[in-house]
Amino acid sequence: MTTYLVFASALFAIGAYGVLGRRNLLIMLMSLELMLNGVNVALVAFSRGLPGGSEQGQIFVLMVMAVAAAEVAVGLAIVIAVFRNRRTVDTSDLAGLSG
Amino acid sequence: MDPVATITAAVGTAAALMMVTRRNPVYSAVWLLITFLSVAVAFLHLSATFLAAIHVLVYTGAILVLFVFVIMLLNLQEDELGDEHPLPVRALTAIGATALFGLLVAPILATPEFAAPLPPAPEGFGSVESVGMMLFTKFALPFELVSVLIIVAMFGSLILARKRPLGSDT
């Protein structure tokens with residue numbers, strides 16, 4: 001179980017790097033998925049390995065998956081709208097709101 | 001050390017690292033696929049069989065296909081990919097992410113209960129029957145609310161991705 005918890009932490013940290021350290025909107029969205037996946041692995045590991053753990057953790061994961069699917073649909077729609085208007089997926093070129 | 005767990009975690013982590021460092025999103029999507037599959041193997045190994053199936057269906061079957069579809073639709077050329085952050089910024093972010101990883105791992109490694117071998121799973125743990133039973137009794141309300149969320153997301157993305165703003169074509 002330790003291995004999977006370390007795996008979950010690694011996925012979360014790598015996803016955090018992708019969200020903060022990259023400027024491509026698509027890759028940032030993928031990294032967001034990676035972070036959610038890390039959380040999912042941790043939830044499943046805890047639901048299986050902790051004494052008194054039950055399948056409630058798996059229900060949580062199902063909810064996270066549904067939210068992730070909704071988030072990706074909206075996020076990619078935003079990416080398409082942004083690209084149509086500005087011809088870029090680079091977040092640093094999208095600074096129209098910074099003073 | 002469980003060899004299945006170690007190999008799964010190593011493959012998944014390596015693929016995730018490759019994913020965040022690729023410049024072209026198409027390659028990132030392929031590496032992300034490998035990460036998702038290793039997460040599914042982790043679910044299987046943790047006796048969450050139903051979740052593993054759903055994970056493959058939702059993540060590789062829907063989310064990743066959506067990503068690839070959008071990448072295809074945008075058809076990014078090399079000059080449209082944009083620049084990356086300068087190396088010092090990326091190095092600093094990498095150090096920050098590594099620190100975050102250390103922060104998360106330290107308490108995990110310090111807890112001896114986590115290192116104990118897993119007890120055998122109860123009969124039917126993680127099966128469709130037991131997860132579904134819980135989903136439709138104790139968690140029926142959140143389950144129904146998720147459908148509202150998905151409807152809202154569907155309308156939201158339809159309206160966002162429209163070519164013309166709403167009302168301009170009437």
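Below, chains carry the letters A, B, ... as their sequence lines are ordered, and counting in each starts from 1. What you see is a predicted model; the values in this text were computed from it and never measured.
S47(A) touches chain B through backbone and side chain together, each having a heavy atom under 4.5 Å away. Using a 4.5 Å cut-off between heavy atoms, A8(A) does not touch chain B at all. Of the two parts of R22(A), the backbone and the side chain both hold a non-hydrogen atom closer than 4.5 Å to a non-hydrogen atom of chain B. Residue E71(A) does not touch chain B at all, counting heavy-atom pairs closer than 4.5 Å. Using a 4.5 Å cut-off between heavy atoms, L26(A) touches chain B through backbone and side chain atoms alike. Both the backbone and the side chain of L20(A) come within contact range of chain B, each with at least one heavy atom under 4.5 Å from a heavy atom of that chain. With a 4.5 angstrom heavy-atom cutoff, F83(A) touches chain B only via side-chain atoms. Both the backbone and the side chain of E84(B) have a heavy atom closer than 4.5 Å to some heavy atom of chain A. At a 4.5 Å heavy-atom cutoff, L103(B) makes no contact with chain A through either its backbone or its side chain. If you measure heavy-atom distances from L32(B) to chain A, the contacts under 4.5 Å come from the side chain alone. When heavy atoms are compared at a cutoff of 4.5 Å, V19(A) does not approach chain B at all. For a residue to count as touching a neighbouring chain, one of its non-hydrogen atoms must lie under 4.5 Å from one of that chain's; by this rule L50(A) touches chain B with the side chain only. Using a 4.5 Å cut-off between heavy atoms, L11(A) touches chain B through its side chain atoms alone.
Under the 4.5 Å side-chain heavy-atom criterion for ILVMFWY residues, a single connected hydrophobic cluster contains both L135(B) and F50(B). The hydrophobic cluster containing I34(B) also contains I71(B), counting ILVMFWY residues as joined when their side-chain heavy atoms lie under 4.5 angstrom apart, directly or transitively.
In this structure, the separation between CG on L25(A) and CG on L76(A) is 10.0 Å, given to the nearest 0.5 Å.
Proximity of Q58(A) to F125(B): side-chain heavy atoms (C-beta onward) are separated by under 4.5 Å at one or more points.
Per-residue counts of heavy-atom pairs under 4.5 Å with chain A were compared for L74(B), T21(B), L149(B), T111(B); the largest is that of L74(B). Across I108(B), T35(B), L92(B), the residue that shares the most heavy-atom pairs under 4.5 angstrom with chain A is I108(B). Interface remark: of the candidates S130(B), A10(B), A62(B), A91(B), S130(B) forms the most heavy-atom pairs closer than 4.5 Å to chain A.
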Pair L37(B), T60(B) - check side chain to side chain contact (heavy atoms under 4.5 Å, CB included), show working. CA-CA 8 Å; L37(B) 289 180; T60(B) 60; 4.2 Å; yes
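Under the 6.0 Å cut-off for aromatic ring centres, F46(A) and Y4(A) do not qualify, their centroids lying 6.0 Å or more apart.
Using modelled atom types, one side-chain atom of R90(B) and one backbone atom of H85(B) make a donor-acceptor pair closer than 3.5 Å.
Atom CE of M133(B) is surrounded by 12 or fewer heavy atoms from other residues, nucleotides or ligands within 6.0 Å.
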